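Throughout, protein chains are lettered first and strands after them, A, B, ... in sequence-line order, and every chain is numbered starting at 1. Reckoned from all heavy atoms, side chains included, excluding hydrogens, waters and symmetry mates. On a predicted model such as this, the values are computed, not experimentally measured, just so you know.
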Protein chains: 2
Amino acid sequence: MNDKRMQEMLANLDVENPSEVCPIKDVLATMLDKWTMMIVLVLGKHKVLRFADVKRSVVGISPKMLTKSLRTLERDGHVKRTVYPEVPIRVEYNLTDQGSIFLKKLVDLADWIVPHVPAIVKNREEFIK
Amino acid sequence: MNDKRMQEMLANLDVENPSEVCPIKDVLATMLDKWTMMIVLVLGKHKVLRFADVKRSVVGISPKMLTKSLRTLERDGHVKRTVYPEVPIRVEYNLTDQGSIFLKKLVDLADWIVPHVPAIVKNREEFIK
DNA sequence: TTAGCAAGTATACAAAAGGATAGTGTTGTT
DNA sequence: AACAACACTATCCTTTTGTATACTTGCTAA
């Protein structure tokens, strides 16, 4: 990506206006929430998971936050929620096509981070004050 | 990215262990903080900015959060802070090479989001409950 | 009829993030 | 002498986020 393309994108992002004016900022912030990302990653790993499975996979999450994050993902079309009216009830979650592309972008980002982690950790250790 | 590569990456991410064990998760969460992202974007747009310039560009940020976010970016090696001991003091901020790659990844992500925003917004409107 | 499960919801509380705003130190300008 | 510029720091307070845990609902099996 050259500088011109970059400047075009940055203009698109409208970073200097409040988020009411820029839904991209809002969508970004929503998707990159800590719990939301973890849920997308475990759904990417396991393809289909039930509520309790996701809870087990995303270590430390409370049912309240899990419900909240799953609802947001569903609302935004990243995750599909399927209810099987059996007894006891069964509910399955999986990524939609849109959610899978989001996962890919997330993994791309992580892919870049992995080799940089040692440098970042070293920087942190050397950074005083 | 095929499924095998994806599964390798996901294994790398170690999503099912607490973040003490997985610095990648920590680095991800730190970089994808709301204010931090906005700062990286405006620094990408303007190349070099002084404290008050960043404050003006990132609408709504308080000096407290600005300082905190800039320090974190500096600590992690994404941003360089240069002090000119003039009067009044002049402090300039700019992205490092590492920070510029991070910006690129961020813009890649946004690049994907832009065309999807209308669909996501529509989803949200239709999603009741 | 009581027990039990899944997928939550509800409630109470604790912790963290963030906003508003005043203050600091230095020196040039009015 | 008072004020302004700059880059913060400090303090108080509100809001948001999150945890822990008890409760609910519907049905089925013992």
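Of the residues B:Ile113, B:Val114, B:Ile120, the one that meets the side-chain contact (heavy atoms from CB on, under 4.5 Å) test with B:Val117 is B:Ile113. Partner of A:Asp53 under the side-chain hydrogen bond (donor to acceptor under 3.5 Å, both in side chains) criterion, chosen from A:Lys55, A:Arg50, A:Arg56: A:Arg56.
Annotated stems with DNA chain D as a participant read C:1-30 with D:1-30, given as range with range, by first number; only runs of 3 or more Watson-Crick or G-U pairs under 3.5 Å qualify.
We find that NZ of B:Lys55 is positioned 11 Å from C1' of D:dC8, with the value rounded to whole Å. Put simply, CG on B:Leu49 is 15 Å from C1' on D:dC6, counting in whole angstrom units. The CZ-C1' distance, from B:Arg56 to D:dA5, rounds to 11 Å in whole Å. Going from atom CG of A:Asp33 over to atom P of C:dA16 covers 17 Å, rounded to whole Å. The separation between A:Tyr84 atom OH and D:dT28 atom P is 20 Å, rounded to whole Å. Summarising the geometry, the separation between CD on A:Glu86 and P on D:dC27 is reported as 14 Å, rounded to the nearest angstrom.
Here the side chain of B:Gln98 pairs a donor or acceptor atom with the backbone of B:Asp76 at under 3.5 angstrom. Side-chain atoms of A:Ser69 do not come within 3.5 Å of backbone N or O of A:Trp35 as any donor-acceptor pair. Judged by distance alone, the side chain of B:Thr36 and the main-chain N or O of B:Met31 form no donor-acceptor pair under 3.5 Å.
The aromatic rings of B:Trp112 and A:Phe102 lie parallel to each other, with less than 30° between the two planes, well short of the 60° mark.
In this structure, A:Arg75 forms no cation-pi arrangement with B:Phe127, as its terminal cationic atom is not both closer than 6.0 Å to the ring centre and no more than 45° off the ring axis.
Two residues are said to be in side-chain contact when any heavy atoms from C-beta on lie closer than 4.5 Å; B:Leu43 and B:Asn94 fail this criterion. Two residues are said to be in side-chain contact when any heavy atoms from C-beta on lie closer than 4.5 Å; B:Lys104 and B:Val107 fail this criterion. Considering only heavy atoms from C-beta on, B:Leu66 comes within 4.5 Å of B:Ile39 through its side chain. Between A:Phe51 and A:Thr67 there is a side-chain heavy-atom pair separated by less than 4.5 Å.
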For nucleotides 19-22 of chain D, tabulate all protein N/O to nucleotide N/O atom pairs closer than 3.5 Å, reporting atom names and distance.
residue, atom, partner, partner atom, Å
D:dT19, OP1, A:Gly60, O, 3.4
D:dT19, O4, A:Lys64, NZ, 2.8

Please list, pair by pair, any protein nitrogen or oxygen found under 3.5 Å from a nitrogen or oxygen in nucleotides 4-7 of chain C.
residue, atom, partner, partner atom, Å
C:dA6, O3', A:Arg50, NH2, 3.0
C:dA6, O3', A:Ile89, O, 3.1
C:dA7, OP1, A:Arg50, NE, 2.9
C:dA7, OP1, A:Arg50, NH2, 3.4
C:dA7, OP1, A:Val91, N, 3.0
C:dA7, OP1, A:Val91, O, 3.4

